[in-house]
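Encoded as structure tokens, the structure appears first; notes follow it.
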Amino acid sequence: MAELQTSRLIPRGAGMTIDVDAIERELADLWRSSGRFDARGVEVALSRTSVLTLFVYASDAARAEQARELIDQLSSEHPSRVVLLTGQDPGIPGQDQSATEVSIQCKLGVAERYAPCYEQIAITLPADGLDLLPSLLIPLTLPDLPSFLWWCGPAPLQDRRFARIARAVDRVILDSLDFARPVRDLVHTRRLHDQLKPVDTIVSDLNWARIAPWQEMTARVFDLPHCRWALDAITDVWVVSGRYEHLPPNPSQALLFLGWMGSRLGWEFDDAVSRPDGCCISMSDANGQRIEWNLCFEPYAARLHGHMLSVQFQARRDSEQATFTIARGGLDRATVKLSAHNRQQQLLDYAFHHALFDLRRLLVREFQALAADPLYEAALAEAEGLARSVEPWLI
Amino acid sequence: MTRSTTLLNPLREGLRLERIPDPCVMVIFGASGDLTRRKLMPALYNLAYDGLLPPGFSIVGYARRPMSDDEFRASMRKAVERFSRRQPIDEGVWEAFASGIFYFEADFADEHAYPKLGELLERIDRARGTGGNRIFYLATPPDAYELIAERLGEAGLAQPADRDSWVRLIVEKPFGRDLQSAIELNEHLLRFFREDQIYRIDHYLGKETVQNILALRFANTIFEPIWNRTYIDHVQITVAESIGIEDRGGYYDRAGALRDMVQNHMLQLLSVIAMEPPIAFEADPVRDEKVKALRAIRPIRPDEVDEYTVRGQYGPGFIGGQPVPGYRQEPRVDPNSQTETYVALKLFIDNWRWADVPFYLRTGKRLPRRVTEIALQFKQVPHRLFTGPAAAGLEPNALVIRIQPDEGVSLNIAAKAPGPRVRLRTVSMGFLYGTSFLVQAPDAYERLLLDCMLGDSTLFTRRDETEAAWLPITQILQGWAEELPPLFPNYDAGSWGPPEAEEFIARDGRRWRRP
């Protein structure tokens, strides 16, 4: 597939202002002047198809580069207006000279008459540019289409200005895997969620989407008639998450997973104690039966830091006993495998591949979800309480 | 309707997959055949890969060829490696998927084999928790359908063993050779299976864009008010294939384009374009409206076939710069064959919405490009403000629904070209599904197999639909049988069909689109 790309730099105005009108004007001019012929000289209709506006905030140049690559992949399948906002690293001089760049990129299919195109606007923000963000987001949003802000990097959740920025879009996408202080920031996320509820801005967390395969596999175990009994008879759960040695443990995924199960099954928090490799949370179900939830961290490579690696449930009722193990496996660790055993035999051997471990797919899922997710809200509320209880040991 | 075990599980509520199928066994008759290798097994593996199959899902391949379970698994693995859209094969997924694949060696006619098949299914139920739920897939030549259904019925396998389990039968097209044989086939199947157990598969209905026609029509307010004889001049449905008959000469020479494409795929497309809004997006309301549209097709008397149809057969020619043989030179084709490889039809739907609006249908093998599209050509404006050079070459509005390739919708409208003088041009507002939605569309078989497991028959054809579709086709076949066939071959491979087809539509003051 050939590519047609045209771009233009817009110098900063007086006082380093970012001229939104100039951005729109230059974009309109680019549309008028773009080549409309493919390599064979055949006329091609440039087709601007947009289903959303995506703002991406990258906290530094390295993240911006990573985000730009991802946007290119996403946009070739999903043309949208993309606005890449890059924060400045105060340690690097001369960045204020950067200009805004506008571009149109089109993919020309072989022998096709239509070329889907997308607009990209790249803006380097002045130092401490949080204040001016809402004034950029609102006028650059395409009318009548949903707007998303993907915060690529640690979000300043404790900064009051962050809620004001989030209000300018329909959905703000965080990633609790990137949280600087994971346990504390989970608590702040809940607060942000409550602040934004009256204005209908939805908060979502890519890490919540990452646990979808674990949720699906867990639900599937108990969908089975011959395993259903075990759901009311869970006694012990072991969750193993990866930890990169140079980073503090990140229990966000595990806490959201436990928050989900707890909110669905009506489990009540009892107490929490520290363990050498993590912590143990005790809960009770509606019948008062105690469930020990063991959260452990295993040393792992940086790419799996904070990711759940396995979950094991043990259930016991009268003479029946069963163990269900869900684990990530395969070359890319994207295969989720379930095995179930009772005292005598293997009950199940089941596996599927899950694309939701891939960041591009995670974002795709976010773009398709326009409504709030009540499961996430309930899980986050539960996880916030649990985070407070384990905070002393997992900071 | 399927029993739902998932309601009992509070963890299921609110997840992306609100419903997953009950654990079940799929028995594929004709397991060593091409359909199993190319379509069914890759589709089932893709469903497993995406986590859409239930735990315990099992497959029993039924065929005559001697083979062990392991040999069958190995041959299916090769098929998946070659034909699955998911590459490379995920070892973890394959291992779990393959552990549920079994082989059963027997002749379809062997009445002693079916009780043994029943015993195998019961063993699988016990070992894998499939709970007596069965799908029997007839991936066999059509002449085996009645026999297999009968043997299943005699062995007590056509009905579920208890209230909580289900049994379904999937039948591939062709559903008969004409109206009478379709009625006979349906009646035979219904001796052993209830209509709600029978899933007649037409893979065109599994295509995303075909389903999107319903969304386009009934989820938007702007189209339905103009979707009628007041605004639409005519409709063109084109299913063009650049391929020949490949290795299907034996079958195709007995079927021809009218039976192979028009009776099923094209009339299904026509019915979703022409149907009235259903009262709900559910199996029976949707199919009720499709049947009404099919029943409203104006009959073509045998003496009218020349007026309403054109037949063609391709001779040698060039496709993509390569020489290709004529139809009569294809393997397993009678060198004097009178079978049509091209059909053009003009149909009318005699109802309030479509009275006097012609539906032009054309399909052919060895046409210049592979394309399936439906074009609704709107009428000219009632009073032409723009005439002469200003409007030279201006086409009336057209809404074009592209089914394949590059699924999408485009609307052709008139606009003023920039400049001091008024000159109008036709511009196309295009919307490509592939570029506006991010997820790769599943193969039609994946969608349909999953729907069958879920007990959703919306995208399968009901008995009355197949029979309503056979009626006009049978009338045409009778008319053709009563007259001398055209002088075949009458179009070159790589052309848009016989010249008679151009004259056929030109008589009405219209012309075929060049899709």
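To find a chain, count down the sequence lines: A is the first, B the second, and so on, and within it residues start at 1. Quantities reported herein were computed from a predicted structural model and do not represent experimental measurements.
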- [ ] Please say which of A/D223, A/L265, A/V221 ends up in a side chain to side chain contact (heavy atoms under 4.5 Å, CB included) with B/L11.
- [x]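 Going through the options one by one, the only one that passes is A/L265.
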TODO: Output the option from B/S99, B/P54, B/G129 having the highest count of non-hydrogen pairs under 4.5 Å with chain A.
DONE: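 With the most close heavy-atom pairs to chain A, the winner is B/P54.
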[X] to [Y] - nearest heavy-atom pair and separation:
X: A/F352; Y: B/Y49; result: CB-O, 3.6 Å
X: A/A219; Y: B/R12; result: CB-NH2, 3.8 Å
X: A/L231; Y: B/P10; result: CD2-CD, 3.7 Å
X: A/A351; Y: B/G92; result: CB-O, 3.6 Å

Task: Within-4.5 Å side-chain heavy-atom neighbours: A/H353 and B/R86 - done: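 In short, these two side chains do not touch, never coming nearer than 4.5 Å.
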- [ ] Would you mind reporting whether B/E91 and A/T335 have side-chain heavy atoms less than 4.5 Å apart?
- [x]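 They are not in contact (no side-chain heavy atoms under 4.5 Å apart), so the answer is no.
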- [ ] May I ask you to decide if B/L53's main-chain N or O and A/Y350's side chain share a donor-acceptor pair within less than 3.5 Å?
- [x]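 Yes.
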- [ ] Please check if the side chain of A/R220 supplies one atom and the backbone of B/G51 the other of a donor-acceptor pair under 3.5 Å.
- [x]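 Confirmed, A/R220 side chain pairs with B/G51 backbone.
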Open item on the list: Within a 6.0 Å radius of atom CD on A/E268, are there more than 12 heavy atoms belonging to other residues, nucleotides or ligands?
Closed with: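 No, because the 6.0 Å sphere around CD of A/E268 holds 12 heavy atoms or fewer from other groups.
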